Amino acid sequence: RQMCIRDSIIAADLMRLSPKDAAQIASNLADIKQRLLALSATSESRLSELDNLSVVSLSPGLNYLARSLNLDVIDVPAPSSFDSDAEASLESFKLAIKDNDVCLVLTDRPVEEAVANAARDAGARLLIFDALSEDPLTALRETTERVIDGLSGRQAGRGADQGAPAHEMVGRLKSPY
């Protein structure tokens with residue numbers, strides 16, 4: 001919704017700056033809005049079929065994505081094996097994932113192997129976002145699909161105890177801001 005509002009404001013400004021291109025700008029805006037509405041409807045439909053939408057985000061930028069998908073974002077401090085009490089940090093992280101039945105741990109950068117293992121041992125999948133499409137709408141669609149696939153994969157019995165990988169690279173989310 002915020003993206004549509006922002007895009008409408010930008011389009012209006014562009015139309016005032018270049019009146020001769022107003023029709024094309026309006027057409028492009030309508031296309032973007034249609035694509036966003038279709039993505040929203042598809043993702044909401046797929047998410048409504050899932051019982052558990054609990055995720056942990058280790059990256060502030062991914063909190064925005066998770067919340068916009070109406071996922072249950074569990075606030076857990078990111079653990080590090082470089083902490084003075086690294087073992088306790090990892091155990092706390094693992095316990096929070098187990099206690100909250102977290103399906104996915106989202107991050108926009110590779111994590112230490114100990115963190116990936118802790119997520120897996122607690123029953124969650126780690127999704128690491130790497131390089132995505134330059135087109136923001138395509139990147140948003142791909143990212144949304146991968147998050148939903150990650151959530152549905154866990155619930156379909158492909159969790160850590162069934163031999164799923166400790167983490168899955170899925171493309172870096174590039175902030176539009």
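Because the structure is predicted, anything quoted here is derived from the model rather than measured.
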What side-chain donor-acceptor pairs closer than 3.5 Å can you find for residues 12-22, not counting sequence neighbours?
unit_1	atom_1	unit_2	atom_2	d
D13	OD1	R16	NH2	2.3
S18	OG	D21	OD2	2.6

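Two residues are said to be in side-chain contact when any heavy atoms from C-beta on lie closer than 4.5 Å; L140 and L65 meet this criterion. In this structure, the side chains of L71 and V147 come closer than 4.5 Å at one or more pairs of heavy atoms. You'll find the side chain of L90 reaches within 4.5 Å of the side chain of V115, heavy atoms only. Inter-residue side-chain proximity for S8 and L29 is flagged as met; some heavy-atom pair is nearer than 4.5 Å.
Minimum heavy-atom separation, L62 to D108: CD1-N, 3.7 Å. Heavy-atom minimum distance, F93 versus A119: CE2-N, 4.1 Å. Taking all atoms of both residues into account, the shortest heavy-atom contact from A96 to V102 is O-CG2, 4.4 Å. Taking both residues in full, the closest heavy atoms of L50 and R46 are given as CG-O, 3.8 Å, listed atom of the first, atom of the second, then distance. In this structure, A66 and L106 approach most closely via the heavy-atom pair CB-CD1, 4.4 Å. The shortest heavy-atom contact between R125 and G153 is NH1-CA, 4.4 Å.
Proximity of a side-chain donor or acceptor of S45 to a complementary backbone N or O of T42 within less than 3.5 Å is not detected. Looking only at distances, no side-chain donor or acceptor of N100 sits under 3.5 Å from a matching main-chain atom of I74.
Scanning for side chain to side chain donor-acceptor pair (under 3.5 Å) contacts around N63 gives S57, with sequence neighbours left out. With sequence neighbours excluded, no residue satisfies side chain to side chain donor-acceptor pair (under 3.5 Å) with E91. Under the side chain to side chain donor-acceptor pair (under 3.5 Å) criterion, S92 pairs with no residue at all, not counting sequence neighbours.
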Using the side chain to side chain contact (heavy atoms under 4.5 Å, CB included) rule, take T138 and R141 through it: C-alpha gap first, then chi angles, then the decisive distance, then the call.
CA-CA 5 Å; T138 300; R141 180 185 50 79; 3.7 Å; yes

Under the side chain to side chain contact (heavy atoms under 4.5 Å, CB included) criterion, do I97 and V76 qualify, and how do the steps go?
CA-CA 8 Å; I97 289 172; V76 176; 5.6 Å; no

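Other members of the cluster containing L95 do not exist, because no ILVMFWY side chain is joined to it at under 4.5 Å.
In the hydrophobic cluster analysis, where Ile, Leu, Val, Met, Phe, Trp and Tyr join through side-chain heavy atoms closer than 4.5 angstrom, I32 is grouped apart from I10. Linking Ile, Leu, Val, Met, Phe, Trp and Tyr residues whenever their side-chain heavy atoms come within less than 4.5 Å leaves L36 and I25 in two separate clusters.
No salt bridge links K98 with D121; every basic N to acidic carboxylate O contact stays at or beyond 4.0 Å.
Separating the CG atom in L151 from the CG atom in D51 is a distance of 11.5 Å, to the nearest 0.5 Å. Going from atom CD of Q34 over to atom CG of D31 covers 8.0 Å, rounded to the nearest 0.5 Å. Rounding to the nearest 0.5 Å places CD1 of I148 at 7.5 Å from CD of E145.
Pairs passing the side chain to side chain donor-acceptor pair (under 3.5 Å) check and including a residue from residues 65-79, sequence neighbours excluded, read S54-D72.
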